[in-house]
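I have placed the structure first, in the form of structure tokens, so that the comments after it can refer back to it.
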Amino acid sequence: MKKAILSAACLGTITVAAQVKDTLQTKTVEEVVMTASRKKENIKEVPSSITIVGEKQIQSQLTVNSDITSILQYTVPSLGTNSGQTSNTGQTLRGRQVLVLIDGIPQSTPLRNGARDLRVIDPSAIERVEVIKGASSIYGNGADGGIINYITKKSRTDKSISGISQVGLTGQPYGGTLGIRASQLLSGKVKKFDYTLSLAYERTGYMKDADGVLISPTYSTAKMDNYNGMLKLGYDINENQRVEASYIGYSSRSDLNVGLKTGKYGITPTIGEGLGKGLETTPQGTPKNHNIRVSYDNKNLFAGTSLNINLYYQDFKTVYGYSDTFFNGGQSNVISKKMGARFNFDTQLWNSANSQGEIIYGADILNDNTVQKLEDGRFWTPNMTMTNIAPFLLAKIDLFKKITIKGGLRYENIKVNVDDFNTLSVIKNDGTFTKSIPVEGGKLSYNALVANLGIRYNIEPYINLFGSFSQAYSINELGRILRTSTSETIKSLETKPIIVNNYELGATGQLSSWLNYELTSYVSTSKLGASFVQSPDRALMIQRSPEIVYGVEGFLHFTPVKWIQFGGSYSWMEGITSVKDDGDYSTKINNSRISAPKVLAYVQGRPIPALSIGIDMLHSFKQNRFDPNAKTGLYAYGEGYVPDYTVFNFKSSYEVNKNWRLSLGIENLLNRTYQPSIAWWSARDSDYINALGMRGTFMIEYKF
């Protein structure tokens with residue numbers, strides 16, 4: 001069965017359109033990527049599919065919507081569409097969970113995935129986003145579908161001070177929707193010392209749909225204060241040695257006081273109406289995400305060996321809205337603190353005219369303490385402390401300046417300590433509450449050797465072939481398993497890890513000076529995957545069973561003349577599972593993970609040198625993979641029918657002179673009424689909401 005699917009995915013032919021571009025410069029093959037192998041390297045040396053969202057793309061998309069989940073949905077094929085809310089539930093990468101990093105610091109909370117790990121930084125602080133698609137173990141736990149690494153800005157000037165100041169207004173053609181945004185970037189270099197300071201603040205207005213009706217207040221981004229600050233200091237000891245320290249802080253707090261009017265799934269949307277009940281003791285949002293990093297680089301430690309050391313600390317807390325599903329009600333949160341160290345040695349083995357060889361080796365150390373509680377102090381999950389010590393070895397061989405071969409091994413040595421706790425009493429479908437039971441904690445141990453192997457053959461500029469095998473190792477979401485425990489000890493619970501095997505084949509190239517492309521097919525398998533499914537009493541539970549996810553994606557990018565470019569991308573995937581582990585893969589993985597096919601298309605022109613005008617389009621195809629219950633006519637969670645929708649965005653900028661620039665962006669240009677995919681596939685009345693209506697952003701930028 002697996003072989004048949006692998007052959008079909010790899011040999012099938014498709015018509016694709018291109019990855020969205022937002023500059024009038026053809027994507028250069030000299031682009032540098034560091035996330036794929038933990039060192040800077042030419043993108044032509046990477047034997048797998050990578051999407052790099054550059055600084056100009058981010059800035060252009062920022063003019064339309066400052067929400068990073070929106071920016072990513074318009075720029076990354078095979079990433080699910082966003083919900084338009086503070087949660088990134090359903091925004092999977094290639095049908096699996098993604099590991100989010102900031103400069104290599106893990107932001108995700110895989111011990112208890114709260115789906116708030118994408119919105120943890122303001123886009124104004126980001127230089128580029130590197131997206132490694134497909135299972136990866138190179139940064140540890142949680143990268144079943146790939147890695148999204150936010151690379152923050154750094155000083156690139158020899159001036160003692162330079163900067164960019166931005167001020168903007170956002171609003172819709174309805175009252176009360178006006179928002180403000182401001183950011184300041186300062187950077188400079190004084191002798192061997194350099195610095196970067198970034199500050200950003202945004203106050204959003206009310207969010208309304210295309211009919212001028214308030215969108216549901218649940219997980220709403222409306223009336224929210226967002227703060228972001230970054231300070232990065234660097235010192236070049238000499239030409240070979242450098243130290244760098246950085247702090248990045250992000251906070252979002254809701255000031256929305258709107259009541260909830262629950263609609264009817266597929267018929268009447270859930271909206272905001274009237275005033276809230278005032279039961280929340282803490283504003284919704286992510287009140288803190290502190291990241292501290294110290295790094296040391298030595299390009300010539302000894303005998304062709306370089307060294308990189310990264311020490312980091314993250315302190316994260318996110319808070320959800322009030323819910324009466326808990327006994328006596330309450331607000332839940334996810335709190336996570338991480339400390340870690342990465343030691344990378346890079347040794348050049350040989351360097352001749354026709355071949356080069358090097359190895360990268362070292363170890364990762366991570367301590368992750370995560371818990372989910374209510375704001376009143378009651379535990380929903382116990383304290384979970386994970387310690388992971390993982391030595392690794394990567395080898396790279398370049399032959400004839402055309403062939404790159406990479407392989408690596410990583411040994412995961414994970415131990416988790418779980419505290420004793422009492423399960424939280426929560427409401428059942430019949431209106432009664434579950435009984436709280438004591439659960440004895442304990443220690444869990446996980447060990448595994450994971451590997452990756454890839455080859456890339458750059459035959460000619462117009463045809464470069466690559467293929468790879470990679471593995472990811474993840475602890476299944478322990479917190480969700482433990483909080484619904486019916487056993488008095490964790491030893492009797494199913495807590496086995498998820499090991500994903502990812503196979504990928506692709507071709508990329510530049511057919512001429514004005515056309516480049518990429519086409520990729522992939523298959524990922526896991527002997528024991530994990531999906532949320534609905535039990536007979538409509539409660540959510542985790543289903544553990546073998547899985548296969550497969551798909552294709554690609555892009556085309558045209559620049560026929562220097563003043564115009566256009567293109568787009570296409571992505572499609574499917575996921576199947578053997579519920580009984582008997583080789584029968586007739587059951588499909590539900591839509592909470594398997595996104596509908598997606599097309600991104602764009603056109604960008606510069607009619608005069610100072611003016612840039614562009615249109616982006618996102619088309620999400622319909623998804624009809626399941627049937628409703630024959631007796632009730634209701635869809636189960638994750639199985640709802642998803643209709644197609646198309647959204648157009650407008651963006652423009654005008655350079656008044658070398659210092660001043662004006663920008664105007666319009667989201668949902670045609671003011672179309674539609675629902676995000678999650679509103680349909682979740683198949684719940686409370687989640688059936690309309691998407692944001694037309695919304696404009698006007699920005700003034702001063703560069704010095």
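- Here the side chains of Q73 and L618 are in contact, with some heavy-atom distance below 4.5 Å.
- Side-chain contact annotation: S70 with Q61, donor-acceptor N/O pair under 3.5 Å absent.
- D117 and N88 share a side-chain donor-acceptor pair at under 3.5 Å.
- Two residues are said to be in side-chain contact when any heavy atoms from C-beta on lie closer than 4.5 Å; L118 and I148 meet this criterion.
- Y702 and F704 have their aromatic ring centers within a separation under 6.0 angstrom.
- The nearest pair of heavy atoms linking N591 to R625 is OD1-NH1, 2.7 Å.
- Residues I615 and F648 have side chains in contact (heavy-atom distance under 4.5 Å, counting atoms from C-beta outward).
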- Task: Could you give me the CA-CA distance, side-chain angles and deciding distance for T170 and L178, then say whether side chain to side chain contact (heavy atoms under 4.5 Å, CB included) is met?
- Result: CA-CA 6 Å; T170 62; L178 190 66; over 6 Å; no
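- At a cut-off of 3.5 Å, with distance as the only test, no side-chain donor of E130 or N149 sits close to an acceptor on the other residue.
- A salt bridge links E55 with K153: the closest approach of a Lys/Arg side-chain nitrogen to an acidic carboxylate oxygen falls below 4.0 angstrom.
- Relative to the six-membered ring of F698, R181 misses at least one condition, a distance below 6.0 Å or an angle of at most 45° to the axis.
- We find that K154 and D103 are not joined by a salt bridge, their nearest charged nitrogen and carboxylate oxygen being 4.0 Å or further apart.
- Q172 places a side-chain N or O within 3.5 Å of a backbone atom of M694 that can act as its donor or acceptor partner.
- Sparse packing is recorded around NZ of K261, with 12 or fewer heavy atoms of other residues, nucleotides or ligands lying under 6.0 Å away.
- Here the straight-line distance linking atom OG1 of T152 with atom CD1 of I248 works out to 4.5 Å at 0.5 Å rounding.
- Within the 3.5 Å criterion, the main-chain N or O of V120 finds a donor-acceptor partner in the side chain of N289.
- Between F558 and F566, the ring-plane angle classifies as parallel under the 30° and 60° cut-offs.
- With rounding to the nearest 0.5 angstrom, the CD atom of E273 is 12.0 Å from the OG atom of S216.
- Ring centers of W681 and Y641: at least 6.0 Å apart, outside the cut-off.
- A distance of 9.5 Å separates OG1 of T270 from CG of N690, quoted to the nearest 0.5 Å.
- With a 4.5 Å cut-off on side-chain heavy atoms, Y247 and H290 count as touching.
- The shortest heavy-atom contact between R116 and G285 is NH1-O, 3.4 Å.
- Figure legend: R94 and Y522 shown as a cation-pi pair, the cationic atom lying under 6.0 angstrom from the six-membered ring centre and within 45 degrees of its axis.
- Listed for the D209 side chain is a donor-acceptor partner under 3.5 Å among the backbone atoms of G212.
- Between the side chains of H557 and Y517, no donor N or O sits under 3.5 Å from an acceptor N or O.
- Heavy atoms only, all atoms of each residue included: T177 and Y206 are closest at CG2-O, 3.3 Å.
- For M34 against Y139, the heavy-atom pair with the smallest separation is O-OH, 4.1 Å.
- Residues D225 and R253 are not paired through a salt bridge, judged by the lack of any N-O separation under 4.0 Å between the basic side chain and the carboxylate.
- Looking at E504, its side chain does come within 3.5 Å of a backbone N or O of S49 through a donor-acceptor pair.
- For the 3.5 Å distance criterion, the side chains of N649 and E667 fail to qualify, holding no donor opposite an acceptor.
- The local environment of OH in Y654 is sparse, with at most 12 non-hydrogen atoms from other residues, nucleotides or ligands closer than 6.0 Å.
- Looking only at distances, a side-chain donor or acceptor of T204 sits under 3.5 Å from a matching main-chain atom of M224.
- For the pair R606 (side chain) and P609 (backbone), a donor-acceptor distance under 3.5 Å is present.
- Between the side chains of S254 and Q284, no donor-acceptor pair is found at a separation under 3.5 Å.
- A pairwise comparison of heavy atoms in T92 and S595 identifies OG1-OG, 4.1 Å as the closest pair.
- Taking each heavy atom of I147 and S136 in turn, the nearest pair found is CD1-OG, 3.6 Å.
- Note that OG1 of T35 is 7.0 Å distant from CG of L101, once rounded to the nearest 0.5 Å.
- Counting only distance, with no hydrogens or angles, the side chain of S165 and the backbone of Q184 share no donor-acceptor pair below 3.5 Å.
- Between the side chains of Q107 and Q314, at least one donor N or O lies within less than 3.5 Å of an accepting N or O.
- Between the side chain of S652 and the backbone N or O of L664, at least one donor-acceptor pair lies under 3.5 Å.
- Remark: N659 CG to I164 CD1 distance equals 11.5 Å, nearest 0.5 Å.
- Distance alone, capped at 3.5 Å, is enough to place a donor-acceptor pair between the S155 side chain and the G188 backbone.
- Side-chain contact check for T196 versus L185: some heavy-atom pair is nearer than 4.5 Å.
- Within the 6.0 Å centre-distance limit, the rings of H619 and F621 are counted as a close aromatic pair.
- For the side chain to side chain contact (heavy atoms under 4.5 Å, CB included) criterion with T51, the lone passing option out of S569, S78, P77 is P77.
- From Q166, atom CD reaches atom OG of S183 across 4.0 Å, with rounding to the nearest 0.5 Å.
- Using modelled atom types, one finds no donor on one side chain facing an acceptor on the other under 3.5 Å when comparing N82 with Q91.
- In this structure a side-chain-to-backbone donor-acceptor pair under 3.5 Å is missing from S571 to V599.
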